[in-house]
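Worksheet: the structure to be examined is printed underneath.
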Amino acid sequence: MLHPYISALKSKVKEEFEAEITAWLAKEVSMNSTMKLNVNVEAIATKPTSAMLHLTEGKEELLQMLGPGLQSVSHVVTVYSCKGGVGKSTIAVNLAYELAARGGRVGLLDLDIYGPSLPLLVDPKDTAVRPSPSGPGMVYPINHEGVKLLSLGYVSSQSGVPGSGKESGTAVMRGPLVGKVVTQLLKSTDWGDLDVLLLDLPPGTGDVQLAVLQQLQISGAVAVTTPSKLAISDTRKGIEMFTSLGVPTISVVENMSFFEGDGKRYYPFGDTSEMCALDGHHTIRVPISQTTNSSIDNSVPFCLSRGQESKLELEAFGQLADTVTEFLLKFQYGQRDEIVGKVHFGSAKESFDLSTATMELGRDERFVVRFYSESGATQKQISPPDLRARDPKNGNVLRTISPEPTNTDVKIHQSNAKVSPSNQPKRVLKQGIYGFRVEWADGATIIYSTAAIATASGGTVVK
């Protein structure tokens, strides 16, 4: 069970029960004062289901999209970086074992198709990928010390997939094949019951990232950077991209940030604490150390070995795990921090929280959008050609369509453009908590941010 306050809750329940039982025994039963009462409290985890089922109306479509292998995974969290060589995979694997140490049911999928590194970071004795009876072509992940693992590097080199196998060379693949490999690793793996599945993405914002965002509902992401102006600048762009696609960044990890010696803390690459605040995102600073390097060389993550020499590293990952678990708990029950903004329409003073937006297809094949506030709600409509002509990140018009005159007394943003087959939407799904996935009849799948939807609805977005 993954819960940020599970230890405190168990202690409180234990304390309250012991006090109540002791008082009852003293009143109703002749109890020897020297006797000591001890109550044992255990937390029993329920079978997990996708957190998105609580936040979307298209439950059947969501389950179909997830497939049998992901239906019992509560949360999917990506670990990403916009620069290579920042230690992203090291952060991902240690976060997985830190969450597992807290009682979480955790999986880790290495999606760095071009150069899988998980087999170098974790070297299980048994690396056989075995078939699962849950469906044709389904396989079990490797269970090592309480974390379920899978990587292209664990797959047999005889599989025919470029780059498979621990000793294989660099994978050379074009975009379509990359998408197929990502889909196979994600949906052909029987992950079983998981509180969280971590995805170690390759650096950048290419085919793998787009394939993941188009196929999965991501609860949140962890960004990894190093203390340099260039890396932090790129991290800002990554945060903006993920947010615009409906994935909030939970925390930013500044890796190789400092080291300690002679009772002092030194910053070999400069103290970038102010610059690395990154617009209010929670930042964790991880030291550069021989401990980390040794754990990589020995293929034993320090959050698994938990040696005394890893005190600083374990403190940092403890903070990161606290941040992630608290975010996921809020997400599970529909609570989220106000980081998206608000929207207002026309001259009305009332504003609506963007994170409350809902969108569905109406009977006339227009999009019906609703926004909510503490005092009320408003409903708008968007024509399919109008939405298709807009930037999915901000809602700005990219190409012109022929609008019809609108009645300013009716709070609906409409268009008179005829819906061509390529502009006919097939279905709409909630994408994370800050966006919507629209599948079009011509085969295109586009993720629109709630800000884009609000703008297309005729509103003005205020961050």
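The figures here come from the full heavy-atom set of this structure, side chains too, leaving out hydrogens, waters and symmetry mates.
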Looking only at heavy atoms, which two atoms of [X] and [Y] are closest? And how far apart?
{"X": "Gly146", "Y": "Ala100", "result": "O-CB, 4.1 Å"}
{"X": "Leu328", "Y": "Ser219", "result": "CD2-CB, 3.9 Å"}
{"X": "Asn94", "Y": "Cys303", "result": "OD1-N, 3.0 Å"}
{"X": "Pro425", "Y": "Val438", "result": "CB-CG1, 4.2 Å"}
{"X": "Trp440", "Y": "Asn423", "result": "CZ3-O, 3.1 Å"}
{"X": "Thr292", "Y": "Ser295", "result": "O-OG, 2.7 Å"}

4.5 Å side-chain heavy-atom contact, [X] and [Y]:
{"X": "Leu198", "Y": "Leu109", "value": "no"}
{"X": "Phe436", "Y": "Lys430", "value": "yes"}
{"X": "Val122", "Y": "Tyr154", "value": "yes"}
{"X": "His282", "Y": "Leu320", "value": "no"}
{"X": "Lys83", "Y": "Val86", "value": "yes"}
{"X": "Tyr97", "Y": "Val106", "value": "no"}
{"X": "Phe269", "Y": "Ser228", "value": "no"}
{"X": "Thr460", "Y": "Val343", "value": "no"}

Say you draw a straight line from [atom1] of [X] to [atom2] of [Y]; how long is it, rounded to the nearest 0.5 Å?
{"X": "Cys82", "Y": "Asp234", "atom1": "SG", "atom2": "CG", "value": "6.0 Å"}
{"X": "Leu185", "Y": "Ile113", "atom1": "CG", "atom2": "CD1", "value": "5.0 Å"}
{"X": "Leu121", "Y": "Ser89", "atom1": "CG", "atom2": "OG", "value": "6.0 Å"}
{"X": "Ile250", "Y": "Glu326", "atom1": "CD1", "atom2": "CD", "value": "11.0 Å"}
{"X": "His144", "Y": "Leu108", "atom1": "NE2", "atom2": "CG", "value": "11.5 Å"}
{"X": "Met359", "Y": "Leu387", "atom1": "CE", "atom2": "CG", "value": "6.0 Å"}

Next on the checklist: Applying the side-chain contact (heavy atoms from CB on, under 4.5 Å) criterion to Arg390, which one of Leu398, Ile446, Thr455, Ile453 satisfies it?
Outcome noted: Thr455

Checklist entry - How far apart are the C-alpha atoms of Val212 and Val182, what are their side-chain angles, what is the distance that settles it, and do they pass the side chain to side chain contact (heavy atoms under 4.5 Å, CB included) test? => result CA-CA 7 Å; Val212 168; Val182 169; 4.0 Å; yes

Does a side-chain N-to-carboxylate-O contact under 4.0 Å join [X] and [Y]?
{"X": "Asp391", "Y": "Lys393", "result": "no"}
{"X": "Arg102", "Y": "Asp322", "result": "yes"}
{"X": "Lys426", "Y": "Glu439", "result": "no"}

Checklist entry - Between Glu350 and Ser373, do the side chains contain an N or O donor and an N or O acceptor separated by less than 3.5 Å? => result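 Looking only at side-chain atoms, Ser373 and Glu350 do form a donor-acceptor pair, the distance falling under 3.5 Å.
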
Just by distance, do the side chain of [X] and the backbone of [Y] share a donor-acceptor pair under 3.5 Å?
{"X": "Thr189", "Y": "Leu186", "result": "no"}
{"X": "Thr356", "Y": "Tyr372", "result": "yes"}
{"X": "Asn394", "Y": "Ala452", "result": "no"}
{"X": "Arg105", "Y": "Leu194", "result": "no"}
{"X": "Thr235", "Y": "Ala231", "result": "yes"}
{"X": "Asp110", "Y": "Pro116", "result": "no"}
{"X": "Ser457", "Y": "Gly459", "result": "no"}
{"X": "Asp386", "Y": "Ile382", "result": "no"}
{"X": "Gln319", "Y": "Ile284", "result": "no"}
{"X": "Gln209", "Y": "Pro202", "result": "yes"}

Next on the checklist: Using side-chain hydrogen bond (donor to acceptor under 3.5 Å, both in side chains), reason through Ser251 and Thr323 one step at a time and then give a plain yes or no.
Outcome noted: CA-CA 7 Å; Ser251 185; Thr323 303; 5.1 Å; no

Item to check | Worked verdict on Lys187 versus Met138 for side chain to side chain contact (heavy atoms under 4.5 Å, CB included) | outcome: CA-CA 8 Å; Lys187 298 188 176 182; Met138 298 289 290; over 6 Å; no

Next on the checklist: Below 30° counts as parallel, above 60° as perpendicular, anything between as tilted: where do the rings of Phe352 and Phe371 land?
Outcome noted: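 Geometry flag for Phe371 against Phe352: tilted rings.
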
Item to check | Lys88: which of Asp200, Asn255, Thr225 passes side-chain hydrogen bond (donor to acceptor under 3.5 Å, both in side chains) | outcome: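 Only match with Lys88 under side-chain hydrogen bond (donor to acceptor under 3.5 Å, both in side chains): Asp200.
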
Next on the checklist: Can you confirm whether Glu315 is buried at CD, in the sense that more than 12 heavy atoms of other residues, nucleotides or ligands lie under 6.0 Å from that atom?
Outcome noted: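 More than 12 heavy atoms, drawn from other residues, nucleotides or ligands, come within 6.0 Å of this atom.
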
Checklist entry - When you look at Leu118 and Leu149, which way does the side chain to side chain contact (heavy atoms under 4.5 Å, CB included) test go after all the steps? => result CA-CA 8 Å; Leu118 186 56; Leu149 309 169; 4.1 Å; yes

Checklist entry - Are Arg285 and Phe258 close enough, and set up right, to give a side chain to side chain contact (heavy atoms under 4.5 Å, CB included), and what steps lead you there? => result CA-CA 8 Å; Arg285 311 183 85 172; Phe258 66 91; 4.2 Å; yes

Checklist entry - Are Lys380 and Phe345 in a cation-pi setup, meaning NZ or CZ lies under 6.0 angstrom from the ring centre and within 45 degrees of the ring axis? => result yes

Checklist entry - Step by step, would you call Asp195 with Ser74 a side-chain hydrogen bond (donor to acceptor under 3.5 Å, both in side chains)? => result CA-CA 5 Å; Asp195 295 309; Ser74 286; 4.7 Å; no

Next on the checklist: By the ring-ring contact (aromatic ring centres under 6.0 Å, His included) test, which pairs, at least two apart or in different chains, include something from residues 67-88?
Outcome noted: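 Residue pairs with at least one partner in residues 67-88: His75-Phe331, Tyr80-Phe242.
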
Checklist entry - Applying salt bridge (Lys or Arg N to Asp or Glu O under 4.0 Å), which residue pairs with at least one partner in residues 134-154 are found, sequence neighbours left out? => result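 Passing the test, one end in residues 134-154: no pairs.
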
